[in-house]
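Read the structure below first, then the notes.
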Amino acid sequence: MSILEGSLDKITALCVGTTAMAFGIPTGALEASVATAGLIGFFLGRRQKFGPECQRVRQHITAEVLESYISLTSGSDGNGEAQQDLRAASGMLDAALETCFIDRQKLAASAVTPKGFPDRATEIVMESLGAAHPEFFSSSCANSLPYRFAKDVVQAGITAAAGNADYYRHLEPQLMFEMARALGEVREVAISTRLTVEELRDTYRRELDVAKRDLQATETDLIALLTFILQTRVSRENLLGALEQAYGRLSQLRENMGDLRSLGNEIPEIAELLAKADAALSAGVGFSLDEAEKALALADRRYADIIEQREKDLQRRRAELEEREGENRRDKENRARILGKRADVAAVKFNYADCVQLYREQLRLLTEAFGSEHPDTARSCNSLADSLNAMGKPFEAEPFYRKALEIMERLHGVDHPDTATSYNNLALNLNACGQPFEAEPLLRKAMAINEQMLGLNHPHTAGSYSNLALNLQSQGRLAEAAQFLYKASAIREQVLGLNHPDTARSYNDLSLNLTAQGRPDEAEPLSRKAISVLERALGLDHPDIATLYDNLASSLTALRRSSEAETHFRKALMITERILGPDHPQTSTSYNNLACNLNALGRFCEAEPLFRKALDIVERALGPQHPHTATCYDNLASNLVDSDRISEAEPLFRQALEIRERTLGLEHPTTAMNCNNLALNLDHQGRSREAEALFRRAFDTLYRVLGPDHPKTAQSCHNLALNLDGQGRLSEAIPLLRKVIAVTEQTLGLNHPDTATYYNNLASKLSKIGELSEAEPFLRKALEIRKHALGIDHSDTARSYNNLASNLNAQDRIAEANLLYRKALEIREELFGPDNPDTARSYHNLASNLNVLGRLSEAEHLFKKAIDVREHILGPTHLDTAASYHNLATNLEAQGRSAEAEPLFRKAIEIRERPAEAGRNT
C-alpha cells in the first residue's frame, strides 16, 4: 500500500467516525443502513463484487414471501388469477431491482429520519421502483397486490440485512463515506430546529456540570456535542452517558490528529487542509465538527486526485520502462548475434581463445535478455563448449554442454529431437574427456529419441548410429560398432542416395573401422568409394577430400603398401595447402601423416622436417598447450627414436606428457598412452626401472578407465611384459603376454594383425627360455594371419617368415629355415629395395644361416651387403652395424682369413663398449 492510500484510509475513518460521533448514531442503525445498500447491490456501481451474493439473498427472501402470499390466497374465488399475478409480480420485482437506480444518499439518511429505519428505507426503495416501473410500483398502485407484495419483500430484505452482522463487515469504507455524506445533509435540515446555546445551558445545566467535572471538558465542547446528541432523540436519562461517549471519541480524535501532520511535508495544500481540520477540532470557540469534516473531505478528495494522477503517471512510466526494456533486450540480442559472427571469424583464423571470450560475452547477454531457460541461451552454451573443446579443454567445456542439456530437457522434455542433440553433444565431449563408458548411455538415449520421434530411416537416426559406433570403437568394441555403421550406411544410401556426401562419410567411417579390425583389404575399396562420391559432390579441391585421401593412405599403410600410400598422403597435403593455406591445423595433420608414412618407409631424415613443420603450425595456430601440439611433440620424438637419437627424443616425450596431463588430466587414456611412449623411450635408453614405473602407471590407468578387456589395455600390458623381459624377469613377463593374447583374441579376433604381433612376441619369450617347440605354433599362427590379413608381400609377413626361420634355425632345422629366410629377403627387397634397415637385417640373418650350412662364400657376400646398408643408413657406430662386423669377422675366420677378421672384431668390441646411445639389436 502506498503512502497516499494509507492516508486515504485514515481520512475516511476520521470522516465516518466524526459523523457518527457527532450524531450519536447507534451502531446498529449505521450498520443496518450500510447493509441495506449491500443487500440490493446498487452502491457505487460495483455489482460484480457484491451482486451475486445480494441476488442470492434477495431471491431467497422473495421465495419465502411469495410462498406466504400464495398460502393466504388459497381457497378464494379468484385464487388462480391472484396467484398468477403474484408470480408475475415476483418476476417483475426481481428484474426491477436489477435495473432501477436507488438514491444511496437518501438510503443512508434513512437511519436518522424521524420515521426511522427500516420503514423510511423501504419507502426510498419503493420510490425508486415506482420511478422505474410506475405501472406496477408507483404510489398510485399502493393497494394493488403486486405493490403490497413488493413492499413486503423489500422490507423483509432490509430487516434481514440489518440483522446480518457478518454481511456488512466486508463492505468497503467508501460506502461508509456515502453514509457520512448523507448524514451531513440530514443534519443541515435539522439545524433549524436546534436550541440556542443559552437554552441548552439552562435546560441541561446539571448534565453539563457533571460532565465538566468528570470529563475535565470545556463547556463550549460539551454544548457543541450536546447539540448533535439531542438531534438523535436520546432520552434525558441516557444523555450523560452519550456526552461521555462523544467526548471520549472527540478527545481520542484530537490526540490522533497528529498522525496526519507528517503528510503536510509532502503536499503543501494538504498541509493547509489538515491544519484547518486540526484547528476546527481544537477546544475553544472555533471548535466545529462540520468544518473539520469539510476540511478532511477536501484533503481526501485531493489525495484521491493525486493517487489517480500518479497511478496514470506510473502506468505511463511502466509502459515506457517496458518499452525500453524491450529495446534493451533487442539490443542485447542483436549484439549477441554480432558476437557470434565475430566468434565465427575467429574460428576461421583458429583463434579459439578469442572464440571462447566472445561466446562467454554472448552467453551473458542472452541470459540477461531471455533468461537462463531460453533456446538461444542453450545454443550459446553449446557454442562456448565447442570452442573450449577446440582449444583442447574438454573438461572446461563439459559444464556448458550439461547446462544446454538441462535447458532443453526443461523446455522440450526428454523425448524431443533437440534434447537428443544435446545428449549427443555431451556424450561426444565425455568421449573427448576419456569417459566413453559415461558417454555411451547418453548416445543410446539420443538414438532412442531419434528412432521414436523421427523414425528408423531418418538421416538424424543414421547420425546417432554413427556416433554410437565411434563411441564403441573407443571402447575397443569394434565388431559391435561395425553393426551400427552398416545400419547408418544403409539408411543414408536409401534416404539420401548413393552420391550424397553423408553416404560417402558412412563409407569412410566403415573403412576406418575395418582397418582397426585388421581388415584393411576390405577397408580399401570403401575408402576409394567414399573419395569417388565426395569428389563428385564437393569437387576435387575440398578439405574433406583431403581427409579421405589421408584415410585411404592409412588403409594402404596397414596393408604395408607404404609407397602407394605416400602418393595419397601427398595428394592430401597438396589439397590442404592450396585450399586452407600452409598455416592451417588440418595442413599440419597432412604434414604429420606424410611424415609417419616416410618413417614407415625408413626415410627418417625426410620425415623429420615434416614433423617439425607440423609442430610449428600447430603451436602457432592452437598454442603450445593444445592436445594436438602434444601429438606433434610425440610424433617428432618417435621419429628421433627411429633415427637412433633416443636421448634427444626424451624431452619431447616429456613435453607431450606434460601437456596431456594439464589439458586432459591424469586419468585420460591418451595421457596413459603418452606415459607409455615415454616409458618406451626410457627402456630403449636402458633405464628399465624408470620405464617400468611408467609402464605400470599407464597400464593401471587404462585398466581403470577402459577396463581389462580393451585393446589399449592389452597393448599397455604387452609393453610392460617386454620391459620385464628386458630386465630378465621372464617368469613375470610370459603370464602377462598370455593374458594379452586372451584379451586380443576375444576383442580383435583370431585373425587380427595385432593378435599375430602378440603371438610372435610370446613365441620370442618362449624361445628365450628354450621352449622352442611351444613357440613354433605361435609363430606359424602369426605367419598365417599376416599372409591372410596383410598379404604375402607385406613387411609384417616378411617379419613372420624371418622369425619362424630363426626358431627353426635354433631347433637345428637349418635347411627349413634357409627357405624362410630367403622368402623374407625376397619380400623386403621387393618392398624396400636393397638400401633399407629391414633388408639389411634379412641379408644378415640369411648370411648367418648359410654360415651354419657351410656355404661361407655366399654368407660373406651377404654380410658385406648388410654392412654397406647399415653403415649408410644407421651409421658406423650403430649396434646393428657392430653385429654385422662381428658376424663377418666370424665368417672370415672360418675361412681362415684371420688377418681380415681381426680389425672387424675390434670395431665391433669398440662400438659395444661405447656408452649406449640406444640402437636396435638384431
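Position 1 is the first residue of the sequence, and the numbers go up from there. Just the heavy atoms: all of them, side chains too, but no hydrogens, waters or symmetry mates, feed the values below.
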Could you verify whether a donor N or O on one side chain and an acceptor N or O on the other, from [X] and [Y], lie under 3.5 Å apart?
X    : Y    : value
Y821 : S806 : yes
T744 : T755 : no
N751 : H788 : no
N719 : Q715 : no
D835 : H872 : no
R620 : T629 : no
S532 : R528 : no

How far does [atom1] of [X] sit from [atom2] of [Y], to the nearest 0.5 angstrom?
X    : Y    : atom1 : atom2 : answer
F569 : C596 : CZ    : SG    : 7.5 Å
D541 : E535 : CG    : CD    : 9.5 Å
L737 : D725 : CG    : CG    : 8.0 Å

(request) Check step by step if salt bridge (Lys or Arg N to Asp or Glu O under 4.0 Å) holds for R841 and D838. (result) CA-CA 5 Å; R841 184 173 292 109; D838 286 346; 2.9 Å; yes
(message) Assess the residue pair K613 and E577 against the criterion (salt bridge (Lys or Arg N to Asp or Glu O under 4.0 Å)); give the C-alpha distance rounded to whole Å, side-chain angles, the decisive distance to 0.1 Å, and a yes or no.
(response) CA-CA 13 Å; K613 178 73 172 173; E577 277 192 316; over 6 Å; no
Donor-acceptor check, side chain of [X] to backbone of [Y], threshold 3.5 angstrom: yes or no?
X    : Y    : result
N513 : L478 : yes
S716 : K712 : no
T839 : P834 : no

(request) Could you tell me whether K393 atom NZ has more than 12 heavy atoms of other residues or ligands within 6.0 Å of it? (result) no
(request) Decide if atom CD of E830 counts as having more than 12 heavy atoms of other residues, nucleotides or ligands within a radius under 6.0 Å. (result) no
(message) For H844 and F863, take the angle between the two ring planes, folded into 0 to 90°, and tell me which bin it lands in: parallel under 30, tilted 30 to 60, perpendicular over 60.
(response) perpendicular
(request) Look at the rings of F395 and H668 and say which category their plane angle falls in: under 30° parallel, 30 to 60° tilted, over 60° perpendicular. (result)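 Aromatic pair F395/H668 classed perpendicular.
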(request) State, to 0.1 Å, how close A714 and Y758 come at their nearest heavy-atom pair, and which atoms those are. (result)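 Nearest heavy atoms, A714 then Y758: C-OH, 4.4 Å.
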(request) Begin from the C-alpha positions of D521 and E524 and carry the test side-chain contact (heavy atoms from CB on, under 4.5 Å) through to its verdict. (result) CA-CA 6 Å; D521 53 328; E524 182 192 349; over 6 Å; no
Ionic contact status for [Y] with [X], cut-off 4.0 Å:
X    : Y    : value
R696 : E692 : yes
K787 : E784 : yes
E826 : R822 : no

(request) Just grab all the salt bridge (Lys or Arg N to Asp or Glu O under 4.0 Å) pairs involving residues 544-558, residues at least two apart or on different chains. (result)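 Those involving residues 544-558 are R505-D544.
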(request) Could you check K571, R561, R603 and say which one makes a salt bridge (Lys or Arg N to Asp or Glu O under 4.0 Å) with E566? (result) R603
